[in-house]
Amino acid sequence: MQFAGSHILSVQQFERADVERIFSVADQMEPYAHRRRVTKVLDGAILGSMFFEPSTRTRVSFGSAFNLLGGEVRETTGFENSALAKGESLYDTARVLSGYSDVIAMRHPAEGSVAEFAAASRVPVINGGDGSNEHPSQALLDLYTIKSELADSGRGIDGLRIAMVGDLLHGRTVHSLCKLLCLYSDLQVVLVSPQELSMPESIVDYLRAAGHQVVESDVLEASIAHVDIVYSTRIQEERFSTQAEADLYRGRFRLNQDIYTHHCEPNTVIMHPLPRDSRDHARELDDDLNDNPNLAIFRQTDNGVLVRMALFALTLDVVDQVDAHARDVNWYTQRRF
Ligand code: NCD
């Protein structure tokens, strides 16, 4: 695909070569994300960061990624603080705000809303999550993490064995990740969820059409026995009509160190898009895994910056100029990544 000036709305717009291009630009961003070098390649550029649903890491890492490229960030957070609360349409909001920005990152609770907004925007729009539909930058950072976690043992994404666990009905991260995995071959995908929260049939069909082996289950222990990656997810309480309904499912699948030791292979990588629900009645990923070297959740969040820097550099077409606008940092730095 041609990245310059393009919206990033769904992983389905990518070919495998596009994903590889994003990953190689992400690698190139490493000295900047790891604070050894600073670049001013986006000096003067403005990111419109518009988050109409709760967000910590996606919002902040999009902003940090833009800052690390030398640009500035204008934030709008929450419906109540925007004219959408006065009945303004997405069309009007997009016409207005795209006049104030060079690129926009947006999250919104309604499926398809970010695409509707993008259709009226005068600048590229990156989907930071639209309801239960898609979260393309998360899927890219997840796949980038999978690739780098497996690299040490000489394995690649083709032939991967992965278990996705939790609320697979509402989780946009697993929807996007499954679609992205369809660009690769010979995967074994185990989908572990309560039956009522199983992966939408259209996505299961899509995985099977790509030639992957798909097994659906509602038992955790047996499902995680022979996989390279366990990708755990939170019950998406905001998609249920009542908390009581969400409570029926919270805590159903809990991965902790004891279960990991007894059921997983020694090097199985543990992932989660975060936030993990650490309240007692949930704990889908127990804190007692924090010292497990295969817990990759904070490497995922670090990788999110690299991947989002790559998306900005590509959509704003500055990849080849990043290093020309760079210098070493002035300050003492001994950050461990
Ligand atoms: C996810 C999301 O918002 O879809 N979080 C994130 O962006 N890392 C997952 C979640 O909220 O459970």
Side-chain angles (χ1 to χ4, degrees), residues 8-11 49-66 75 77-79 104-115 125-146 164-180 191-194 197 199-200 203 229-240 243 245-247 249-255 270-279 281-286 295-309 311:
I8 307 286
L9 300 174
S10 160
V11 293
S49 170
M50 305 177 56
F51 278 74
F52 299 115
E53 258 195 342
S55 175
T56 303
R57 74 221 84 236
T58 305
R59 179 175 56 83
V60 177
S61 70
F62 266 122
S64 300
F66 208 74
E75 287 207 338
T77 48
F79 269 111
I104 289 172
M106 180 176 177
R107 170 173 288 185
H108 191 285
E111 295 191 11
S113 54
V114 182
V125 175
I126 304 179
N127 182 0
D130 61 323
S132 295
N133 184 35
E134 278 241 24
H135 195 344
S137 65
Q138 179 73 41
L140 287 165
L141 78 87
D142 288 338
L143 195 63
Y144 183 86
T145 304
I146 292 171
M164 298 187 194
V165 184
D167 185 352
L168 307 184
L169 176 65
H170 302 110
R172 55 192 168 204
T173 69
V174 282
H175 297 168
S176 286
L177 184 57
C178 282
K179 293 179 194 171
L180 200 55
L191 302 171
V192 189
S193 68
L197 303 182
M199 183 66 79
I203 298 180
I229 307 280
V230 177
Y231 188 104
S232 167
T233 65
R234 175 181 69 89
I235 298 300
Q236 307 280 294
E237 58 183 29
E238 62 277 37
R239 311 278 176 236
F240 291 82
Q243 285 301 307
E245 203 192 335
D247 280 339
Y249 306 108
R250 264 195 275 255
R252 185 84 69 91
F253 303 113
R254 297 169 185 242
L255 182 59
I270 307 161
M271 296 176 61
H272 191 301
L274 302 183
R276 56 178 158 169
D277 189 340
S278 294
R279 291 170 289 190
H281 57 301
R283 287 195 186 279
E284 67 270 5
L285 214 54
D286 203 287
L295 184 75
I297 56 178
F298 302 117
R299 294 192 284 277
Q300 280 173 270
T301 54
D302 282 351
N303 289 338
V305 175
L306 295 172
V307 166
R308 292 180 172 120
M309 287 176 81
L311 291 176

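Read the numbers this way: they start at 1 and go in the same order the structure lists the ligands and their atoms. Keep in mind that this is a model prediction, so the values were computed, not measured.
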Evaluate side-chain contact (heavy atoms from CB on, under 4.5 Å) for Leu285 paired with Leu295, printing each intermediate quantity in order.
CA-CA 10 Å; Leu285 214 54; Leu295 184 75; 4.2 Å; yes
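- Counted by atom type alone, Thr58 and Arg107 present one or more donor-acceptor pairs between their side chains at under 3.5 Å.
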Ligand 1 polar-atom proximity to protein (N/O, under 3.5 Å):
{"unit_1": "ligand 1", "atom_1": "3 (O)", "unit_2": "Arg107", "atom_2": "NH1", "d": "3.3"}
{"unit_1": "ligand 1", "atom_1": "3 (O)", "unit_2": "Arg107", "atom_2": "NH2", "d": "3.2"}
{"unit_1": "ligand 1", "atom_1": "3 (O)", "unit_2": "Arg172", "atom_2": "NH2", "d": "2.9"}
{"unit_1": "ligand 1", "atom_1": "4 (O)", "unit_2": "Arg172", "atom_2": "NE", "d": "2.7"}
{"unit_1": "ligand 1", "atom_1": "5 (N)", "unit_2": "Leu274", "atom_2": "O", "d": "2.9"}
{"unit_1": "ligand 1", "atom_1": "7 (O)", "unit_2": "Thr58", "atom_2": "OG1", "d": "2.8"}
{"unit_1": "ligand 1", "atom_1": "7 (O)", "unit_2": "Arg107", "atom_2": "NH2", "d": "3.0"}
{"unit_1": "ligand 1", "atom_1": "7 (O)", "unit_2": "His135", "atom_2": "NE2", "d": "2.8"}
{"unit_1": "ligand 1", "atom_1": "8 (N)", "unit_2": "Gln138", "atom_2": "OE1", "d": "3.1"}
{"unit_1": "ligand 1", "atom_1": "8 (N)", "unit_2": "Pro273", "atom_2": "O", "d": "2.9"}
{"unit_1": "ligand 1", "atom_1": "8 (N)", "unit_2": "Leu274", "atom_2": "O", "d": "3.0"}
{"unit_1": "ligand 1", "atom_1": "11 (O)", "unit_2": "Arg234", "atom_2": "NH2", "d": "2.8"}
{"unit_1": "ligand 1", "atom_1": "12 (O)", "unit_2": "Arg234", "atom_2": "NE", "d": "2.9"}
{"unit_1": "ligand 1", "atom_1": "12 (O)", "unit_2": "Arg234", "atom_2": "NH2", "d": "3.2"}
{"unit_1": "ligand 1", "atom_1": "12 (O)", "unit_2": "Gln236", "atom_2": "NE2", "d": "2.8"}

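- Listed by chain and residue number, nothing satisfies the salt bridge (Lys or Arg N to Asp or Glu O under 4.0 Å) test with Asp286 (two or more places apart in sequence, or in another chain).
- The structure places CD of Gln300 at 9.0 Å from NE2 of His272, a figure rounded to the nearest 0.5 Å.
- In this structure Tyr144 satisfies the ring-ring contact (aromatic ring centres under 6.0 Å, His included) test together with Phe23, sequence neighbours excluded.
- For residues 167-180, the pairs satisfying salt bridge (Lys or Arg N to Asp or Glu O under 4.0 Å) are Glu53-Arg172, Glu134-Lys179, with sequence neighbours left out.
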